[in-house]
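Take a look at the structure below.
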Number of protein chains: 2
Amino acid sequence: MPPADQTQPVFRALADPTRRAIISMLADGPRAIGDIAAEFDMTRPAVAKHLAILKEGGVIAVETKGRERINRLEPEALKTAADWLSYFDRFWDDRLAKLKTVVEKSS
Amino acid sequence: MPPADQTQPVFRALADPTRRAIISMLADGPRAIGDIAAEFDMTRPAVAKHLAILKEGGVIAVETKGRERINRLEPEALKTAADWLSYFDRFWDDRLAKLKTVVEKSS
DNA sequence: TTGACATAATACCAAAAGGTTTCATACAAA
DNA sequence: TTTGTATGAAACCTTTTGGTATTATGTCAA
């Protein structure tokens with residue numbers, strides 16, 4: 001059985017396309033809210049709400065720097081979701097799943 | 001950048017804990033709706049709605065057999081989500097990510 | 001210290017999500 | 001053919017979600 005549910009806040013964070021776009025964006029480096037909002041056809045408060053949900057899921061960390069709030073990707077949270085899905089690897093790629101197991105155990 | 005958005009219906013399907021439980025359940029084999037609903041503290045129509053969303057995401061396939069409708073896991077759809085997340089592998093395990101790339105290219 | 005900027009916080013709204021109840025339909029089996 | 005089972009479908013309700021607009025707060029810079 002896949003791991004139990006501490007996954008909920010992460011999958012919730014992943015459920016919205018805007019939030020997934022923000023995640024991709026932050027993969028290139030940390031950014032302030034206004035900077036992020038500028039890339040979407042959406043008001044800043046709306047983006048701020050998405051960031052709050054991402055933070056609840058542990059997907060980002062926020063650091064106040066002067067009057068800016070810098071949002072940084074926290075990729076370990078994504079691993080939670082990836083791990084849940086990895087249980088199903090065996091259905092689409094038995095060979096790779098087995099190899100991964102070997103590699104992970106050897107670390 | 002991670003793959004563009006055909007991911008939405010899949011991530012939507014994954015967003016609800018009941019639906020993830022159904023996915024886990026169907027990993028053990030196909031089941032009829034009533035059979036699934038019996039395992040949840042929820043009415044059958046509610047479960048049927050979840051199944052409809054899972055089907056929209058391509059996560060399950062439905063086959064009518066007499067008066068039963070058998071729900072079967074369609075794991076390729078989960079791969080869509082796993083692939084999106086795999087882009088971020090590099091953040092938590094560079095070594096494994098590189099190895100995976102090698103293995104996948106060699107197939 | 002005044003003004004501009006970056007954000008927080010609040011109130012509000014419409015639509016979607018998650019659930020229920022009720023009723024209709026279709027197949028199976030006696 | 002009648003009865004029970006498995007499901008579909010519609011109507012309805014409540015809460016959450018995703019968005020807006022507006023107002024307030026704190027910080028930098030002239």
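Just so you know, these numbers use all the heavy atoms, side chains as well, and skip hydrogens, waters and symmetry mates. Order of the sequence lines sets the chain letters (A, B, ...), proteins ahead of strands, with each chain counted from 1.
- To the nearest angstrom, C1' of D:dG18 lies 17 Å from CG of A:Leu14.
- Each side chain to side chain donor-acceptor pair (under 3.5 Å) pair with one or both residues in residues 46-55 of chain A, not counting sequence neighbours, appears once here: A:Arg19-A:His50.
- C:dA6 atom P lies 18 Å from atom CD of A:Glu63, rounded to whole Å.
- With D:dG19, D:dA21, C:dT22 as the choices, the nucleotide that has an atom nearest any side-chain atom of A:Pro45 turns out to be D:dA21.
- Rounded to whole Å, atom P of C:dA6 lies 15 Å from atom CG of A:Asn71.
- At whole-Å resolution of the value, CD in A:Glu56 and P in D:dG18 are 12 Å apart.
- Side-chain N or O atoms of B:Glu56 include none that pairs as donor or acceptor with a backbone N or O of B:Ala13 at under 3.5 Å.
- Under the rule for a salt bridge (Lys or Arg N to Asp or Glu O under 4.0 Å), B:Glu68 has no partner lying at least two apart in sequence or in another chain.
- The distance from atom CG of B:Leu54 to atom CG of B:Leu26, rounded to the nearest 0.5 Å, is 8.0 Å.
- Side-chain atoms of A:Asp16 never come within 3.5 Å of backbone atoms of A:Leu14 as a donor-acceptor pair (strictly under, hydrogens ignored).
- Cation-pi geometry between B:Arg90 and B:Phe88 is not satisfied (NZ or CZ under 6.0 Å from the ring centre, within 45° of the ring normal).
- Between the P atom of C:dC5 and the CD atom of A:Glu68 lies a distance of 13 Å, rounded to the nearest Å.
- Atom pair B:Leu51:CG and D:dA6:C1' shows a separation of 13 Å (rounding to whole Å applied).
- Under a 3.5 Å cut-off, the side chain of A:Gln8 and the backbone N or O of A:Gly57 do not form any donor-acceptor pair.
- If you check D:dT7, D:dA21, C:dT21 against the side chain of B:Thr43, the one that comes closest is C:dT21.
- For B:Arg69 and D:dA6, the shortest distance from a side-chain N or O to OP1 or OP2 is not below 4.0 Å.
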Contacts under 3.5 Å, N or O only, protein and nucleotides 24-27 of chain D:
| residue | atom | partner | partner atom | Å |
| --- | --- | --- | --- | --- |
| D:dT27 | O2 | A:Arg67 | NH1 | 3.4 |

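- Between A:Ala81 and A:Val10, the shortest heavy-atom contact is CB-CG1, 4.0 Å.
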Output a table of nitrogen or oxygen pairs between the protein and nucleotides 14-18 of chain C separated by less than 3.5 Å.
| residue | atom | partner | partner atom | Å |
| --- | --- | --- | --- | --- |
| C:dA17 | OP1 | B:Arg12 | NE | 3.2 |
| C:dA17 | OP1 | B:Arg12 | NH2 | 3.3 |
| C:dA17 | OP2 | B:Arg12 | NH2 | 3.4 |
| C:dG18 | OP1 | B:Asp16 | OD2 | 3.3 |
| C:dG18 | OP2 | B:Arg19 | NH1 | 3.1 |

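- Across all non-hydrogen atoms, the minimal contact from A:Ala77 to A:Gly58 is CB-O, 3.3 Å.
- A heavy-atom distance below 4.0 Å to DNA chain D is reached by none of the residues of residues 27-37 of chain A.
- Across the protein-nucleic acid pair, A:Lys65 atom NZ and D:dC28 atom C1' stand 16 Å apart, rounded to whole Å.
- The nearest pair of heavy atoms linking A:Leu51 to A:Ile60 is O-CD1, 3.4 Å.
- Applying the salt bridge (Lys or Arg N to Asp or Glu O under 4.0 Å) test to every pair with at least one member in residues 28-43 of chain B, sequence neighbours left out, gives these pairs: B:Arg31-B:Asp35, B:Arg31-B:Glu39.
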